[in-house]
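Heads up: the structure comes next, in structure tokens.
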Amino acid sequence: MPPPASPSMPPEMVVHNSFLGFLVWQSIPSIVIFFLFKTLSSAVPSASPSATKPPLTFPFAPSIFALFTFLTFHLSQVLFSFSLSLVSSPHPHRPASLLQLVLGLVRFLSIPGVPDSSETPDSRARAKLSVGLLMFLGAAAVSGFVAVASVCGGFGDGLSAIGRVGFRGLVMGLLYGLYYVYNRRWVLEFPIIQRPPFFSFKMGLPSAITRSLKLSFVAYLFSAALLVFLPHHNQNQATTGKFIAEQIRLYTGSFLVLLCWELSHHLHRVLHTKRFVFAPPKGSAAAETNPSEILLAALEESSPSSLLQYLAYLDLCMVCENNVDAWRRAAFFEETGETYRRVISVCLRPLEQLASKMGEVLESSVENGSRISSQLLPPTDQRLDSKYSEPLDNFQLYAWCAWTAASLTACSHKEDRYGVAQITGSNAAVMSTLISCLLAVETYMGKKTTLLSANQFMGLTGFKLRNSSMANTSMSKKRASPLHSKAYAVADVLRNSIYQIVSAFHDQMAASSAKKGILEKDWIVRGKPPFGPRELLVQKLLQFLDFRAS
């Protein structure tokens with residue numbers, strides 16, 4: 001069971017405590033690997049025929065040098081872990097380009113103290129991410145230099161050995177940093193099934209070992225090729241036996257350092273994506289009076305796209321979908337309806353932003369703006385793909401919001417004793433937002449939906465929306481793109497969420513559809529929806545009611 005939040009502990013301490021716990025736990029596998037390698041390598045005799053003194057690599061030897069190598073290795077791991085936490089984020093921001101960073105720096109230096117009118121919160125976040133990724137690359141290179149020199153004994157063989165071994169560690173760290181940034185591994189991905197941290201960490205061990213072996217092999221070959229260009233490289237090589245022993249030691253040390261990094265990355269993801277309960281302990285005074293205040297404070301007052309906000313959305317989704325914390329879900333349906341309204345509002349806000357952003361781009365692609373009121377057309381300009389990529393990248397948040405809103409609305413059919421879901425107008429807001437988002441995503445995917453006239457209605461069982469297949473070549477090419485796969489996943493989540501509500505209220509909706517104007521009054525907002533005309537939302541709802549939406 002995840003730890004509950006303490007009433008006296010602010011929600012901001014959740015991320016802080018997770019970070020401190022990560023720094024403590026990541027040191028355990030690193031220390032074990034370091035001492036195990038030093039213990040085994042100390043038993044191997046030196047391959048140099050002129051070696052007259054015993055090796056200084058035994059970890060438990062009472063020497064200052066052994067303590068120094070351990071401290072340098074541990075500090076290198078702390079540096080890597082700290083830089084890892086610095087750039088990690090659950091929101092998949094796209095970093096700013098080098099040209100954008102240079103232009104922003106020039107504007108800042110030319111007119112200091114004057115805010116730039118073209119600067120937006122999104123551009124600042126992208127610039128901050130770019131700077132953080134550059135710092136991560138530098139930290140990985142420095143950490144690789146120090147860690148490999150500590151593990152492979154470069155500090156005990158003079159400056160020449162430190163430079164030779166440390167250079168290969170620096171190249172390894174830089175390659176790992178580039179691999180980490182290129183594959184966007186800094187984005188925190190939440191698991192579908194929440195397991196205890198120990199089992200989640202254990203499941204990632206095979207993949208961490210396999211990836212470390214592959215990366216260490218590539219880093220070894222690349223650093224060995226670059227080492228040839230170093231001055232006095234040939235003079236530093238002694239006998240063949242010593243050279244082979246040094247290469248084996250370097251490869252093994254590089255593999256162990258990368259294994260420590262992979263374990264730290266996996267442990268960081270496990271500890272920062274586990275569920276945290278934003279609620280007071282059950283049975284306490286706060287749980288009896290207002291158990292939802294801690295959760296709502298984390299959702300409403302936290303920074304947008306922050307880890308704290310994602311953890312709060314995860315906790316809210318699990319409360320609404322599962323019956324484990326039924327007492328917390330029951331507290332949403334309190335008599336005044338204010339808590340239920342706030343919960344639905346924070347769930348619909350990201351979905352409304354998605355529909356609005358996609359609607360703006362779609363309307364700009366239509367030559368005649370009035371055509372969008374009667375017919376939703378797919379965009380024909382492939383340059384618009386870049387404008388869709390950022391909203392569709394945030395699939396996890398959209399899925400949580402859609403599942404939460406749909407589950408809470410469906411549960412209100414049996415658990416809402418005071419009827420606050422209907423009185424506050426939340427049912428209509430949820431259904432309208434979900435259908436609007438679905439129409440926007442389907443329009444981008446190339447699904448052309450036409451608004452039927454009044455004389456084309458054929459009743460509930462015979463009603464159909466006319467959907468055309470993708471006719472142009474650009475849409476067929478877009479189907480094979482990764483962006484289309486993301487849009488398909490979002491549409492699938494929205495479609496299942498709508499069906500969940502329709503299944504719970506099917507009898508009432510079917511009775512309302514028989515009376516003119518009753519269905520749209522209860523389930524469609526009276527104002528302008530986030531995307532598409534109101535009449536099209538009503539026809540789409542009837543299609544779901546007939547279980548014909550696909």
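What you are looking at is a predicted structure, and each value in this text was computed from that prediction instead of being measured.
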Query raised in the report: Without hydrogens or angle criteria, can the side chains of Asn323 and Arg329 be said to hold a donor-acceptor pair below 3.5 Å?
Result: yes
Query raised in the report: Is a donor on one side and an acceptor on the other found under 3.5 Å between the side chain of Tyr310 and the backbone of Gln396?
Result: no
Query - Residue pair Gly253 / Val151: nearest heavy atoms and the distance that separates them - result: CA-CG1, 3.9 Å
Query - Under 3.5 Å: donor-acceptor pair, side chain of Asn183, backbone of Tyr179 - result: yes
Report task. Quick one: pull up OG in Ser497 and CG in Leu438 and give me the separation to the nearest 0.5 Å. Result -> 10.0 Å
Query raised in the report: Do Gln500 and Ser407 have side chains that get closer than 4.5 Å, going by heavy atoms?
Result: yes
**Report entry** Side chains of Arg184 and Pro92 in contact at under 4.5 Å (non-hydrogen atoms)
**Finding:** yes
**Report entry** side-chain contact (heavy atoms from CB on, under 4.5 Å) assessment of Leu129 paired with Trp186
**Finding:** CA-CA 10 Å; Leu129 175 62; Trp186 49 269; 3.5 Å; yes
Query raised in the report: Hey, are Glu262 and Arg185 close enough for a salt bridge, meaning a charged N less than 4.0 Å from a carboxylate O?
Result: yes
Query raised in the report: Any chance CZ of Phe222 has more than 12 other-residue heavy atoms, nucleotides or ligands included, within less than 6.0 Å?
Result: no
**Report entry** Leu175 side chain reached by Leu215 side chain, heavy atoms, under 4.5 Å
**Finding:** no
Query raised in the report: Is there a donor in the side chain of Thr72 and an acceptor in the side chain of Ser150, or the other way round, less than 3.5 Å apart?
Result: yes
Requested in this report: Any chance you could measure Leu170, atom CG, to Arg168, atom CZ, to the nearest 0.5 Å?
Outcome: 13.0 Å
Query - Evaluation steps, ring pair (Phe, Tyr, Trp, His ring centres under 6.0 Å), between Phe35 and Phe70 - result: CA-CA 9 Å; Phe35 277 97; Phe70 166 72; 5.3 Å; yes
Report task. I would like to know whether Lys486 and Phe395 meet side-chain contact (heavy atoms from CB on, under 4.5 Å); could you show each step before the answer? Result -> CA-CA 7 Å; Lys486 298 176 183 178; Phe395 168 77; over 6 Å; no
Requested in this report: Spell out, as yes or no, whether a donor-acceptor pair under 3.5 Å connects the side chain of Ser345 to the backbone of Arg341.
Outcome: no
Report summary line: For Val87 and Leu133 the tightest heavy-atom approach is CG1-N, 3.9 Å
Requested in this report: Report yes or no: do Gln247 and Tyr220 form a side-chain donor-acceptor pair below 3.5 Å?
Outcome: yes
Query raised in the report: Do Tyr340 and Glu334 have side chains that get closer than 4.5 Å, going by heavy atoms?
Result: no
Report summary line: What one should report as the nearest heavy-atom pair of Ser284 and Pro281 is OG-O, 2.7 Å
Query raised in the report: What do the steps show when you test Phe276 against Phe278 for ring pair (Phe, Tyr, Trp, His ring centres under 6.0 Å), and what is the final call?
Result: CA-CA 6 Å; Phe276 186 86; Phe278 290 86; 5.3 Å; yes
**Report entry** Pairwise side-chain contact, Ser85 with His268, heavy-atom cut-off 4.5 Å (strictly under)
**Finding:** yes
**Report entry** Phe34 side, atom CZ; Thr39 side, atom OG1 - distance, nearest 0.5 Å
**Finding:** 9.5 Å
Query raised in the report: Quick one: OG on Ser81 to CH2 on Trp25, what's the gap to the nearest 0.5 Å?
Result: 15.0 Å
**Report entry** N/O donor-acceptor pair under 3.5 Å between Gln194 side chain and Thr273 backbone
**Finding:** yes
Query - Check ion pair Asp325-Arg275 (N to O, under 4.0 angstrom) - result: yes
Query raised in the report: Can you find a pair of side-chain heavy atoms, one from His74 and one from Ser27, that are under 4.5 Å apart?
Result: yes
Requested in this report: For Phe190 and Leu307, work out which heavy atoms get closest and say how close.
Outcome: CZ-CD1, 4.2 Å
Query - Donor-acceptor pair, side chain of Gln309 and main chain of Ser305, under 3.5 angstrom - result: yes
Query raised in the report: How long is the span from the CD atom in Glu301 to the CG atom in Leu296, to the nearest 0.5 Å?
Result: 9.5 Å
Requested in this report: Identify the two heavy atoms, one from Leu213 and one from Tyr251, that lie closest to each other, and give their separation to 0.1 Å.
Outcome: O-OH, 3.6 Å
Report task. Please examine the side chains of Leu295 and Phe332, heavy atoms only from C-beta on, and report whether any two atoms are closer than 4.5 Å. Result -> yes
Query raised in the report: Where do Asp393 and Val187 land on the side-chain contact (heavy atoms from CB on, under 4.5 Å) test, with the steps shown first?
Result: CA-CA 11 Å; Asp393 281 342; Val187 180; over 6 Å; no
Query raised in the report: Would you call Glu293-Arg342 a salt bridge at under 4.0 Å N-O?
Result: yes
Requested in this report: Measure the CG-CG distance between Leu311 and Leu316 for me, rounded to the nearest 0.5 Å.
Outcome: 12.5 Å
**Report entry** Smallest separation among heavy atoms of Leu137 and Gly177, with atom names
**Finding:** CD2-C, 3.2 Å
Query raised in the report: If we only count heavy atoms from C-beta on, is the Lys274 to Arg195 side-chain gap below 4.5 Å?
Result: no
Requested in this report: Give me the one residue out of Tyr176, Tyr180, Trp261 that meets ring-ring contact (aromatic ring centres under 6.0 Å, His included) with Phe136.
Outcome: Tyr180
Report task. Step by step, work out the side-chain contact (heavy atoms from CB on, under 4.5 Å) result for Phe201 and Leu271. Result -> CA-CA 9 Å; Phe201 180 75; Leu271 294 180; over 6 Å; no
